[in-house]
Visitor: 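Sharing a structure below in structure tokens format, with a few things to ask.
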2 protein chains.
Amino acid sequence: MACMSEQLDITFQALADPTRRAILSMLLEDDMAVTDVAEPFEMSLTAISKHLGILSRAGLISQERRGRVKWCKLEPDALRDASIWMQSFGQFEAVNLDAFEKFLAAELSGGDAALPNED
Amino acid sequence: MACMSEQLDITFQALADPTRRAILSMLLEDDMAVTDVAEPFEMSLTAISKHLGILSRAGLISQERRGRVKWCKLEPDALRDASIWMQSFGQFEAVNLDAFEKFLAAELSGGDAALPNED
DNA sequence: GGCATATTCAACCAAATGGTTGACGAATGA
DNA sequence: TCATTCGTCAACCATTTGGTTGAATATGCC
């Protein structure tokens, strides 16, 4: 667990800023150019560019330059380790990644039958 | 989602430090006094006391004074919102925040009966 | 070529962070 | 009572963070 310590530092640190989380949410919808990412925010393009750099170094997004525009793409896999780390704490009983996956599988195959006591 | 933004700031920020994550891991084993928490670290008691303050303000631990010793206790529920936020990304993709919330609701109300096909 | 667009770089700044030390208050126990 | 133990407070320090501005570097288009 200690070996991934530095990566966890970087991931959690990246997630600790509301602007960066908002950017991730935007990218959930679709890939975006840097300028378009910056548009809704009331801060300079440079600031957003820095935020994107941080997200990129954390592996939470990837950036690919095509022509003069740089496309930003969500990389959700990077959240996995952090997520798993969190699962190792208490609520493990309640929020169990594994159980959730089974739940999803059951729900996808069996429709709403997967919910035990829905009301 | 925006409403819990500030709490997420605090939670992720608290988790972004390796010392604090180590403390949480220690508390996973058992409740501990401040001095005992500090013992394995090569830093001052004051520094650890500050870390504990940060964890406490984030709701990740609680502290109860009994006599002259202050006991620290893990509060894993606080990880829940952050965990849910992270689940909305990840391999579950957009689909499944909704399914995940159903899953949580079902699991919380139904206890371990909520697991569709446990083996 | 020359201008507009997209993005980053460099330098700077204020505030927050993670640490230190020394003094302090409050409970314990000889 | 008096020394000891537990923990925090206050002040300080270096580094990092999150932002700014203005200049620079590509690239695309007429």
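Excluded from the calculations below are hydrogen atoms, water molecules and symmetry mates; all remaining heavy atoms, backbone and side chain alike, are included. Here is the naming used below: chain letters follow the sequence lines, and residue numbers restart at 1 for every chain.
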Visitor: Quick one: which of C:dT7, C:dG19, D:dC6 gets closest to the side chain of B:T35?
Guide: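 Nearest listed nucleotide: D:dC6.
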
Visitor: If each of A:T19 and A:R66 is mapped to the nucleotide of DNA chain D with the nearest heavy atom, which maps nearer the 5' terminus, i.e. the 5' end?
Guide: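 The residue closer to the strand's 5' end, by nearest nucleotide, is A:T19.
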
Visitor: Do A:H51 and A:F41 come within less than 4.5 Å of each other through their side chains, counting heavy atoms only?
Guide: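 No, their side chains stay 4.5 Å or more apart.
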
Visitor: Measure the distance from CD on A:E64 to C1' on D:dA26 and round it to the nearest whole Å.
Guide: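 Value for this atom pair: 17 Å.
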
Visitor: Tell me the interatomic distance from B:L52, atom CG, to C:dG18, atom P, rounded to whole angstroms.
Guide: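 Roughly 13 Å, once rounded to whole Å.
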
Visitor: Whole angstroms only, please: what is the CE-P distance between B:M32 and D:dC6?
Guide: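 Rounded to whole Å, this separation is 13 Å.
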
Visitor: Provide, to the nearest angstrom, the distance between the CZ atom belonging to A:F12 and the C1' atom belonging to C:dT17.
Guide: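 Value for this atom pair: 18 Å.
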
Visitor: Are any of B:S44's side-chain N or O atoms less than 4.0 Å away from OP1 or OP2 of C:dT20?
Guide: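 So the side-chain polar atoms of B:S44 do come within 4.0 Å of the phosphate oxygens OP1 or OP2 of C:dT20, strictly under.
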
Visitor: Side chain of A:V34 only, please: which of D:dG7, C:dT7, D:dT20 is the nearest?
Guide: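 Side chain of A:V34 sits closest to C:dT7.
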
Visitor: Round to a whole Å and report the spacing from CD1 of B:I23 to P of C:dG19.
Guide: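 Interatomic distance, CD1 of B:I23 to P of C:dG19: 9 Å.
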
Visitor: Atom NZ of A:K50 to atom C1' of C:dA6: distance rounded to whole Å?
Guide: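 Rounded to the whole Å, the gap is 18 Å.
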
Visitor: Looking at A:K70, does any N or O in its side chain come under 4.0 Å of the phosphate oxygens OP1/OP2 on C:dT8?
Guide: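 True: A:K70 side-chain N/O within range (under 4.0 Å) of C:dT8 OP1/OP2.
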
Visitor: So if I take every side-chain heavy atom of B:V69 and compare against D:dG7, C:dT8, D:dG19, which nucleotide ends up nearest?
Guide: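 Within the option list, the nearest is D:dG7.
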
Visitor: Among the nucleotides D:dT17, D:dG7, C:dT7, which one has an atom lying closest to any side-chain atom of B:R65?
Guide: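 Looking only at heavy atoms from C-beta outward on B:R65, the closest nucleotide is D:dG7.
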
Visitor: Between atom CE of B:M86 and atom CH2 of A:W85, what is the distance when rounded to the nearest 0.5 Å?
Guide: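 Answer for the CE-CH2 pair, B:M86 versus A:W85, is 10.5 Å.
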
Visitor: Calculate the interatomic distance between B:E42 atom CD and C:dG19 atom P; express it in whole Å.
Guide: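 Distance, rounded to whole Å: 12 Å.
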
Visitor: Of the candidate nucleotides D:dT8, D:dG18, C:dT7, which contains the atom at the shortest distance from the side chain of B:T46?
Guide: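 My answer, after comparing the listed nucleotides, is D:dT8.
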
Visitor: To the nearest 0.5 Å, tell me how far A:K73 NZ sits from A:D30 CG.
Guide: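 One finds 10.0 Å between NZ of A:K73 and CG of A:D30.
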
Visitor: From the list D:dT17, D:dG7, C:dT20, which nucleotide is the closest neighbour of the side chain of B:A47?
Guide: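 Comparing D:dT17, D:dG7, C:dT20 against the side chain of B:A47, the answer is C:dT20.
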
Visitor: Does the side chain of A:S49 get closer than 4.0 angstrom to OP1 or OP2 of C:dT8 through an N or O atom?
Guide: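 The answer is yes; a side-chain N or O of A:S49 sits under 4.0 Å from OP1 or OP2.
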
Visitor: CG of B:L55 to CG of B:L74: how many Å apart, nearest 0.5 Å?
Guide: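 Output value for this atom pair is 9.5 Å.
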
Visitor: Base of C:dT7, side chain of A:R68 - is there a donor-acceptor contact under 3.5 Å?
Guide: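 By the distance-only test, no, there is no pair.
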
Visitor: Quickly work out the B:L15 CG to C:dG18 C1' distance and round it to whole Å.
Guide: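 Taking CG of B:L15 and C1' of C:dG18, I get 17 Å after rounding.
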
Visitor: So, taking the atom named CG in B:D36 and the one named CH2 in B:W71, what distance separates them when rounded to the nearest 0.5 Å?
Guide: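 Reported to 0.5 Å precision, the distance equals 6.5 Å.
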
Visitor: If you look at every strand shown and take non-hydrogen atoms under 4.0 Å, does B:R20 touch a base, only sugar-phosphate, or nothing?
Guide: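 Contact class for B:R20: sugar-phosphate only.
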
